[in-house]
Amino acid sequence: MTTIADAIAALETGELIHLPTETVYGLGARADAPAAVAKVFEAKGRPKFNPLIVHVASLEAAELIGIFDDRARALARAFWPGPLTLVVPVRDTAKVCDLARAGLDSVAIRVPAHPVALAILQGFGGGVVAPSANRSGRPSPTRFQDAVSETGPSVAASVDGGDCQVGLESTVVSVLNDVRYLRPGAITRAQIEAIAGALAEDASEGHRSPGRLSLHYAPDAPVEINIDNPPMDCVYLAFGDTDFTGPVLNLSPTRDLSEAAANLFTCLRKADALKPARICVAPIPADGLGEAINDRLKRAAGFVG
Ligand code: TXA
Ligand code: MG
């Protein structure tokens, strides 16, 4: 079995690891070594203009990499360790190579709330870049086996941390001139505003996080969303009761948004494995965590340009 010590050793020698986090499984590499970071882009088939998130064990470690003002520090104190990524001005470009930042003068940083991730990060000491461990464009892995089947051959050490509790990638918030909500996640807009005050208006889609590609999180079968009356040739992802008589996977029988988020990518994979003509998804409420779920679903359906 692969241990935490194996993962630390692999990072030290510039190899890739599977990093279990509370959001999704990450594909990790040391952030300071361009050759190691290049392996991440190659293993995922990821466009190089899309910068990566640097994972560290604590706010103290984060402050060595990025510049935290009072707003950023307050957000970090409120939500770290946890599913929030903060984009701040970069402090030390040697600790996070240009390739990891896609040449930007800002850097995305997060302290994950998973004991295995924290043990690896503490043991390694430096920053670890980790995008989701899927190949680019595909659903993020939320189970150990899915991470291994997506990117296993490229990885030197895969640590099994169980199923991911949150199931959606972290919320991304930039704290530069203004505070902006760049990617919805389990930390909601309202939770950010309660700490940092009113958010700046959303930029248009194209100007948000550079990596927000149009077709993302997508299984092989086409995805249709907001479907109340599914056709017989689909696999239906229900939310609450359904009287559909075809194949059904339920995101949450009790209409619980946290449960639906945790099940979303696994259900997309299970539905895809049945090789249907299409995957239809029930309407999901847009409030709270529903914003993040609907964001991922729209991208899986190819609706966001
Ligand atoms: O939950 C997560 O965040 C997972 C786990 C493994 O921690 N990681 C993850 O990484 O989702 P990734 O690479 O798939 O998403 C990184 C997001 C992208 O949308 C990227 O464009 C944005 O963060 N990002 C990174 N650096 C940025 C920067 N300097 N400015 C704006 N957005 C940035
Ligand atoms: Mg991803």
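When a residue number appears, it is its place in the shown sequence, counting from 1. All ligand and atom numbering here is 1-based and tracks the order in the structure.
- For ligand 1 and Leu104, the ligand atoms under 4.0 Å from any heavy atom of the residue are 28 (C), 29 (N).
- Residue contact check for ligand 1: Ser132 places a non-hydrogen atom closer than 4.0 Å to it.
- Between the Asp241 side chain and the Pro253 main chain, no donor and acceptor come within less than 3.5 Å of each other.
- Listed by atom number, the atoms of ligand 1 under 4.0 Å from Asn50 heavy atoms are 18 (C), 20 (C), 21 (O).
- In this structure, Tyr25 contributes its side chain and Gly161 its backbone to a donor-acceptor pair below 3.5 Å.
- Taking the side chain as every heavy atom from C-beta outward, Val173 and Val179 approach each other to under 4.5 Å.
- Considering backbone and side-chain N/O of Ala130, one or more are found under 3.5 Å from N/O of ligand 1.
- Looking at Thr23 next to ligand 1, an N or O pair under 3.5 Å apart turns up.
- Checking only distances, Thr21 never comes within under 3.5 Å of ligand 1, N or O to N or O.
- Not a single heavy atom of Arg101 lies less than 4.0 angstrom from ligand 1.
- For the Mg ion (ligand 2), the N/O/S atoms of Ser132 include one lying under 2.8 Å.
- Those atoms of ligand 1 with a heavy atom of Ala108 less than 4.0 angstrom away are 25 (C), 26 (N), 27 (C).
- Nearest to atom 30 (N) of ligand 1 by heavy atom, out of Val87, Thr171, Val24, Leu86, is Val87.
- In this structure, Lys44 contributes its side chain and Asn134 its backbone to a donor-acceptor pair below 3.5 Å.
- Glu150 places no side-chain N or O within donor-acceptor distance of the main-chain N or O of Ala147, the cut-off being under 3.5 Å.
- No donor-acceptor pair under 3.5 Å is formed between the side chain of Arg101 and the backbone N or O of Ser106.
- Checked by distance only, ligand 1 and Ser170 come closer than 3.5 Å through their nitrogen or oxygen atoms.
- For the pair Tyr217 (side chain) and Arg296 (backbone), a donor-acceptor distance under 3.5 Å is absent.
- Of all atoms in ligand 1, listed by their number and element, those nearer than 4.0 Å to a heavy atom of Gly26 are 6 (C).
- When atom types are taken as modelled, the side chain of Ser174 and the backbone of Leu176 share no donor-acceptor pair closer than 3.5 angstrom.
- The side chain of Arg46, and not its backbone, has at least one atom closer than 4.0 Å to an atom of ligand 1 (non-hydrogen atoms only; side chain from C-beta on).
- Taken together through direct or relayed side-chain contacts under 4.5 Å among Ile, Leu, Val, Met, Phe, Trp and Tyr, Phe144 and Leu27 form parts of separate hydrophobic clusters.
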